[in-house]
Amino acid sequence: MPETPTTDLLDWYDRHARRLPWRVPPGSDATPDPYRVWLSEVMLQQTTVAAVKGYYERFTARWPTVEALAAAPDAEVMAEWAGLGYYARARNLLACARTVAARGGFPRTEAGLLALPGVGPYTAAAVAAIAFGERAAVVDGNIERVMARVFDIATPLPAARAEIRERTDALTPADRPGDYAQAVMDLGSTICTPRSPACGICPWREPCLARARGVQAERPVKPPRKAVPQRRGVAYVGRREDGAWLLETRGEDRMLGGMLGWPGSAWDRGEEEAPPPVPGDWVVLNGEARHGFSHFGLALRVLVARLPLDAEPARGTFVAVEAFRAGDLPTAMRRVLDVARTSPLIADGEPSVPAQETEMLPPALIESHTGAIRKKGPAG
DNA sequence: AAATCGTGGCA
DNA sequence: TTGCCAAGATT
């Protein structure tokens, strides 16, 4: 086992720590706010620092305390999270905030934190170490990679996790455990990167076994990924004469649960069809809304209709034009809107096409009709 | 325990 | 363009 100079890494961190909005600079006497540490850690789950920054700033500006967040309506929090992905995090975030507010503050131990919704082994250890100074072993993807290289662990993930956790725990100091964890994470994200690590300037260059053996690019060993299947569906973008949009809040048992979306078909049972949310002159657009999820690709056929003021939809509710923001939608639903907006039927103000063109068409005619629209549609 | 759950950036 | 993957949690 190589020497792994923890204190050297803390010295490196004192000089090279990234300045991040949720981070207290090393050496400052300020104590990090547990609420902000927790919020940032949840946002950072499987998500890049660059993507998180803006969301973190907006959340903390709007809800400066866990009590404020706990009091927020679900829809506002989900809308603020829109675009960040993994929406169960936002649902759990609210549940957790309400639990914490009700009990009068965050649990101050790793075990106590682990019991909170949306707080797993990584987040519990990170908050315990960073906000409360507990000597908890923090293991994220960065730290996995660093440890797999420093100790040249050839066991493939996820089987290697037991050993990685042991190694991490053995190295974690009682003094400054939070800074230590952030130091290893910074090392992993700036030097010990997944591809072409900068071993020449690494503070752990000397003890690193994988580097000594020239196998750093092959650590950690990961299983091959499965190919993602392709799925299809339909989405209905309805717009009332007063400009209101027909939207629904998706059930929590569905994909994008809790988020705003266009009524449409399921995507998971091979269903491509679904009845319209309200009877009307629905027109099929030519361009499809394509989106790649983590475990499947999706192509959505988009139908649009202009709806009368007295429309009574079986699904969804109308959102007034001044209350509607595309940014409140998850990305897949924004793509649907992008396609829908290529149709004059959905444009702001009066319809710019003769009424005849908005008639419901027999299926056999849909192809030719949408073919005419295609020229104005987006490429693809 | 393996599958599920988003998104954007980058080589 | 495609594939890879980022401060994981849940069931």
Side-chain angles (χ1 to χ4, degrees), chain A residues 17-18 20-23 36-56 78 81-93 95-96 113-131 136-146 157-159 161-162 165 168 178 180-190 192-196 217 220 222-231 250 252-259 261 267-268 290-298 327 329-335 379-380:
Chain A
R18 287 181 295 172
L20 301 171
W22 47 85
R23 185 178 275 185
R36 294 183 174 237
V37 174
W38 161 76
L39 177 62
S40 67
E41 293 301 346
V42 172
M43 286 183 166
L44 286 162
Q45 291 166 7
Q46 295 290 286
T47 309
T48 59
V49 165
V52 164
K53 279 182 178 170
Y55 285 86
Y56 175 84
M78 299 310 288
W81 195 277
L84 195 56
Y86 286 143
Y87 298 103
R89 289 185 298 171
R91 287 181 259 130
N92 287 330
L93 188 82
C96 183
L113 289 159
L114 191 55
L116 297 171
V119 176
Y122 163 75
T123 305
V127 175
I130 296 169
V138 179
V139 183
D140 77 324
N142 286 306
I143 296 178
E144 274 182 0
R145 183 172 58 257
V146 171
L157 292 172
R161 295 219 163 100
R165 210 213 103 82
T168 301
Y180 172 75
Q182 294 178 94
V184 184
M185 289 191 279
D186 275 17
L187 185 64
S189 62
T190 63
C192 194
T193 51
R195 287 172 294 227
S196 53
K222 294 193 172 186
R225 287 200 179 196
K226 311 194 313 182
V228 299
Q230 204 66 27
R231 298 181 184 175
R250 299 174 60 81
E252 297 195 352
D253 55 338
R254 308 173 69 189
M255 229 6 229
L256 310 177
M259 301 302 293
W267 316 325
D268 51 350
R290 299 186 164 282
H291 186 65
F293 290 110
S294 49
H295 57 297
F296 65 93
L298 180 65
L329 300 174
T331 301
M333 296 299 169
R334 287 183 213 175
R335 301 256 161 89

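All chains are named by letter (A, B, ...) in the order of the sequence lines, taking the proteins before the strands, and each is independently numbered beginning at 1. Values reported hereafter were calculated over all heavy atoms of this structure, with side chains retained and with hydrogens, waters and symmetry mates removed.
The separation between Arg145(A) atom CZ and dC4(C) atom C1' is 12 Å, rounded to whole Å. Regarding Trp38(A), its CH2 atom lies at a distance of 14 Å from the C1' atom of dA9(C), rounded to whole Å. Rounded to whole Å, atom C1' of dT10(C) lies 15 Å from atom CG of Leu116(A). A straight line from CG of Leu93(A) to P of dA9(C) spans 13 Å, rounded to a whole angstrom. The nearest whole Å value for the distance from the CG atom in Leu157(A) to the P atom in dC5(C) is 11 Å.
Aromatic rings from His295(A) and Phe293(A) are positioned such that their centres are separated by 6.0 Å or more.
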List the atom pairs, donor and acceptor, that lie under 3.5 Å between side-chain atoms in residues 113-120 of chain A and the rest of the protein, sequence neighbours left out.
none

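dG6(B) and dT11(C): their P atoms are spaced 14 Å apart (whole Å).
Take Asn92(A) and apply the side-chain hydrogen bond (donor to acceptor under 3.5 Å, both in side chains) test, not counting sequence neighbours, and it matches no residue. Take Thr168(A) and apply the side-chain hydrogen bond (donor to acceptor under 3.5 Å, both in side chains) test, not counting sequence neighbours, and it matches no residue. Applying the side chain to side chain contact (heavy atoms under 4.5 Å, CB included) criterion to Lys222(A), with sequence neighbours excluded, gives Leu157(A), Pro220(A).
Residue His295(A) places none of its side-chain N or O atoms closer than 4.0 Å to OP1 or OP2 of dA3(B).
A salt bridge links Arg23(A) with Asp186(A): the closest approach of a Lys/Arg side-chain nitrogen to an acidic carboxylate oxygen falls below 4.0 angstrom.
When heavy atoms are screened at a 4.0 angstrom cut-off, Ser40(A) is found touching no nucleic acid atom at all. Nucleic acid contact for Val119(A): sugar-phosphate only, since backbone atoms but no base atoms lie under 4.0 Å from a heavy atom of the residue. Across all strands shown, Trp22(A) has heavy atoms under 4.0 Å from base atoms, whether or not it also approaches the sugar-phosphate. Using a 4.0 Å heavy-atom distance criterion, Leu20(A) is classed as a base contact.
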Item to check | Per-nucleotide protein contact string for nucleotides 6-11 of chain B, where B marks a base within reach and S marks sugar-phosphate only (heavy atoms under 4.0 Å, - for neither) | outcome: BBS---
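With hydrogens and angles ignored, the 3.5 Å screen pairs no side-chain donor or acceptor of Arg231(A) with any backbone N or O of Phe296(A). A distance-only check finds a donor-acceptor pair linking the side chain of Arg89(A) to the backbone of Leu84(A) [under 3.5 Å].
Non-hydrogen atoms lying under 4.0 Å from DNA chain C are contributed by Met185(A), Ser189(A), all within residues 180-189 of chain A.
The structure places CD1 of Ile130(A) at 4.0 Å from CD of Gln182(A), a figure rounded to the nearest 0.5 Å.
Nearer the 5' end of DNA chain C, as judged by each residue's closest nucleotide, is the contact made by Pro194(A), out of Pro194(A) and Pro117(A).
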